[in-house]
Amino acid sequence: MMHKAGRAWVFGDNVDTDQLAPGIYIKLPIDEISKHCLEAIAPEFAGSVSRGDFVVAGENFGMGSSREQAAEALLDLGISAIIAQSFGGIFYRNALNFGLIPLICADVSKIGDGDQICIDPEAGEIRNLTKDETYACEAMPEHLLQIARAGGLLPYLENRLG
Amino acid sequence: MGQTLAEKIIARAAGCDKVGPGDIVTCAVDLAMMHDSGGPRRVKPLLEKLGVKVWDREKIVVVSDHFVPAFDLQSAEILNLTREWVAEQGIPNFYDMQGICHVVLPERGHLKPGMFVAGGDSHSPTGGAFGCFMFGVGATDMAGILATGETWIKVPETIRIDWSGEIPRGVCAKDIMLTLCATLGLGGGDYQVVEYSGEVISSLGMQERMTLCNMAAELGAQTGLIAADQTTAAYVEKVTGEKPDCQSWQGDLDATYRDIFSFDANDLEPQVAPPHSPANAADVGEHVGTGINQAYIGACTGAKLTDLKMAAEVLKNRRIASNIRLLVAPASVREMTQATQDGTLGILLEAGALLMPSGCGACASYGAGVLGDGDVCIASTSRNFQGRMGSKSSRVYLGSPYTVAAAAIAGEIRDPREFLEGFGS
């Protein structure tokens, strides 16, 4: 099922967790951390992002620390999915655990900053409404789709343990 | 077809005869390690939501190392919450301000070859030096592990990295890792396993091996691994009092590797990685003369006893430059005690070093030693991402403890071999 359309915020390769959730703010609640999300490389991002927008990035997005506030900050800002060429492995798990869908797509360079896009994680598809193009994503394994469908690891475990 | 060491450990933890790369399997966790930042303060509300207690208190280790000692009310509250939660759950293995988790874990005998270990920190691959499959997870994954004793894993391939030759004097494991970051890139590990082997690795002590596995994180690997040998066995026996089984935990000769990279250590130069990436590493010669105002020997990567000794070799009978500060945060209280007993710490202090608490501290701006606007630091840590040590406009160079010590003396980046006995003048 297609998600609602939103704006693409495009970043480069190797966006790290210190940029997503700077250590200097890590003791603070998530709504304070998220105000500083990506401020080192995109100072306007946290203040202008809207609920339902998407982060689009190159290789190794979320590399570095295991601090899950890196993914949680994006969720707090209303990002509904991250589309990247590849992810830092721990970040990928953290995002999924929050129900923030991480999609791997080889065609991210075709998405421009500000393009309106929407995604269908189950079909592994991204629609670029601005350019009227469709891109394929790597299929998510069934086990991970189950976590995504539940809305994250905690609700998934609640169902399982409940 | 044979199996890699990683596949053997994962298969055992998953209760299968065999696993293959790409399989998604559920593994029983032998040990779960967490610290004060990603641990109790994050997992407590999640476990309460699930309405469960921890699955096995004996298999959990908690280390307070990030916000130590408390420096404001928030950090004091986090440390108190950690203590209260550990007491409430009845967890026997709690190390409160005893050092950095990745160093405390092996020194207190919690790791042995063949274990499947989840750590709530990205430098958890350090445990791979002991022949464990140890990888980093975030707090929600950790909560899932604490609730069920299990976690899923996509079986990784193994990238073998062989080092032949002999490491020259003044060069060390840190230089090997910076070279690998520059050669393979920060995504080069592709969340697979990096297994180090070859005559150089065999010749290294456990602490240098820990540096190699620690920085597998910077290669983007899920973990680093070194198959156990006599050096591993001797260490594990010393700290646990038991001879470990090393024979079962070796990769098969006919195992399949994604890649095998071969390097020669004979010509390796001291490395320096300029801002803002470890992958920017180059021979120290390219950065000689770069002025610094802080030098930091700290963190899980660069402040073990072996690292402190390297710095002492350079700093012996010398003083640091008058316009810089040298901060030294030994990686654990035990390491600090040993460094006191063997004279290493005295050399550092006489040279003008400022002794900091054993903890993660300045490496990720979690404690004292934060950089201000425009500060330039050289550090024995693993990451120099923009803003990691403080101000967005600060700049961090990475180097070995030798190279950091040399820069502290000169007030600028220099080749540390200038300051070692037996080199030139």
Side-chain angles (χ1 to χ4, degrees), chain A residues 13-20 22-30 36 38-41 43 58-72 85-99 140-144 146-147 152-158 160-162, chain B residues 22 24 26 37-38 41-42 46 49-52 66-67 72 74-75 77-78 119-124 135-144 147-148 151-152 154 156 185-187 189-192 217-218 220-222 276-277 279 363-366 370 383 385-392:
Chain A
D13 295 336
N14 294 319
V15 171
D16 65 70
T17 50
D18 287 285
Q19 293 165 343
L20 289 160
I24 203 111
Y25 308 111
I26 211 72
K27 293 193 263 75
L28 303 176
I30 196 64
H36 304 280
L38 295 170
E39 69 181 3
I41 54 169
E59 287 176 6
N60 208 13
F61 184 85
M63 71 167 181
S65 162
S66 65
R67 63 183 78 150
E68 63 181 8
Q69 293 94 329
E72 197 181 14
Q85 261 173 289
S86 64
F87 288 88
I90 304 178
F91 180 91
Y92 181 94
R93 291 181 70 124
N94 288 343
L96 181 68
N97 287 343
F98 280 117
M140 281 173 81
E142 179 56 28
H143 182 84
L144 309 196
Q146 284 175 15
I147 297 174
L153 185 67
L154 211 69
Y156 172 81
L157 286 174
E158 275 178 314
R160 223 190 89 190
L161 299 171
Chain B
I24 291 187
T26 298
S37 184
R41 73 168 175 139
R42 304 276 308 176
L46 303 180
K49 195 146 184 260
L50 290 172
V52 295
H66 273 59
F67 301 115
D72 59 12
Q74 291 155 333
S75 51
E77 277 168 24
I78 292 170
D121 188 273
S122 62
H123 284 113
S124 296
F135 63 110
V137 296
T140 302
D141 261 333
M142 183 54 73
T148 64
T151 194
W152 66 271
K154 185 174 172 187
L186 299 188
D190 196 25
Y191 207 51
Q192 309 301 309
E218 279 54 60
Q222 181 169 19
H276 297 289
S277 168
C363 170
S365 49
Y366 282 7
V370 170
R383 291 181 183 145
F385 301 148
Q386 189 178 5
R388 178 171 171 88
M389 287 186 75
S391 163
K392 279 174 285 188

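Reminder, nothing fancy here: chain letters follow the sequence lines and each chain counts from 1.
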- [ ] Not counting sequence neighbours, which residues clear side chain to side chain contact (heavy atoms under 4.5 Å, CB included) with B/Leu50? List them please.
- [x] A/Leu154, A/Leu157, A/Glu158, A/Leu161, B/Val52, B/Ala147

Task: Distance, nearest 0.5 Å, that separates CD1 of A/Ile24 from NZ of B/Lys392 - done: 11.0 Å

Open item on the list: So which residue, A/Glu142, A/Met63, A/Glu59, ends up with the most heavy-atom pairs under 4.5 Å with chain B?
Closed with: A/Met63

TODO: Count the heavy-atom pairs under 4.5 Å between each of B/His276, B/Glu77, B/Arg388 and chain A, then report the option with the highest count.
DONE: B/Arg388

Open item on the list: Is there a side-chain contact between B/Phe385 and A/Asn14 in this structure, where contact means two heavy atoms from C-beta onward sitting under 4.5 Å apart?
Closed with: no

Open item on the list: With chain A as the partner, which of B/Arg42, B/Gln74, B/His123, B/Arg41 has the greatest number of non-hydrogen pairs under 4.5 Å?
Closed with: B/Arg42

- [ ] Heavy-atom pairs under 4.5 Å with chain B are the metric here; pick the option from A/Leu96, A/Leu144, A/Leu28, A/Asp13 that has the most.
- [x] A/Leu144

TODO: Report yes if some heavy atom in the side chain of B/Ile78 is under 4.5 Å from a heavy atom in the side chain of B/His66; otherwise report no.
DONE: no

- [ ] Please determine, among B/Asp190, B/Leu186, B/Thr148, B/Asp141, the option with the most heavy-atom pairs under 4.5 Å with chain A.
- [x] B/Asp141

- [ ] Could you tell me which portion of A/Glu72 (side chain, backbone, both or neither) has an atom closer than 4.5 angstrom to a non-hydrogen atom of chain B?
- [x] side chain

Task: Per-residue contact mode, B/Leu46 against chain A (heavy atom under 4.5 angstrom) - done: both

TODO: Check each atom of A/Asn97 against the heavy atoms of chain B and say whether the ones under 4.5 Å are side chain, backbone, both or neither.
DONE: both

Task: For chain B, the option from A/Ile41, A/Leu153, A/Asn94, A/Ile26 that forms the most heavy-atom pairs under 4.5 Å - done: A/Ile26

- [ ] Under the salt bridge (Lys or Arg N to Asp or Glu O under 4.0 Å) rule, collect the residues that match up with A/Asp16, sequence neighbours excluded.
- [x] none

Open item on the list: So for B/Ala139, is it side chain, backbone, both, or neither that comes closer than 4.5 Å to the heavy atoms of chain A?
Closed with: both

TODO: Would you mind checking which part of A/Ser86 comes under 4.5 Å of any heavy atom in chain B, side chain (CB onward), backbone (N, CA, C, O), both or neither?
DONE: neither

Task: Pair B/Arg383, B/Ser122: side-chain N/O donor-acceptor within cut-off below 3.5 Å - done: yes

Task: Heavy-atom check, side chain of B/Pro156 versus side chain of B/Tyr191, under 4.5 Å - done: no

Open item on the list: Taking side chain as everything from C-beta outward and backbone as N, CA, C, O, which of these in A/Phe98 sits under 4.5 Å from a heavy atom of chain B? Side chain, backbone, both or neither.
Closed with: side chain

Open item on the list: Under a 3.5 Å cutoff, is there a donor and acceptor pairing between the side chains of B/Asp72 and B/Ser75?
Closed with: yes

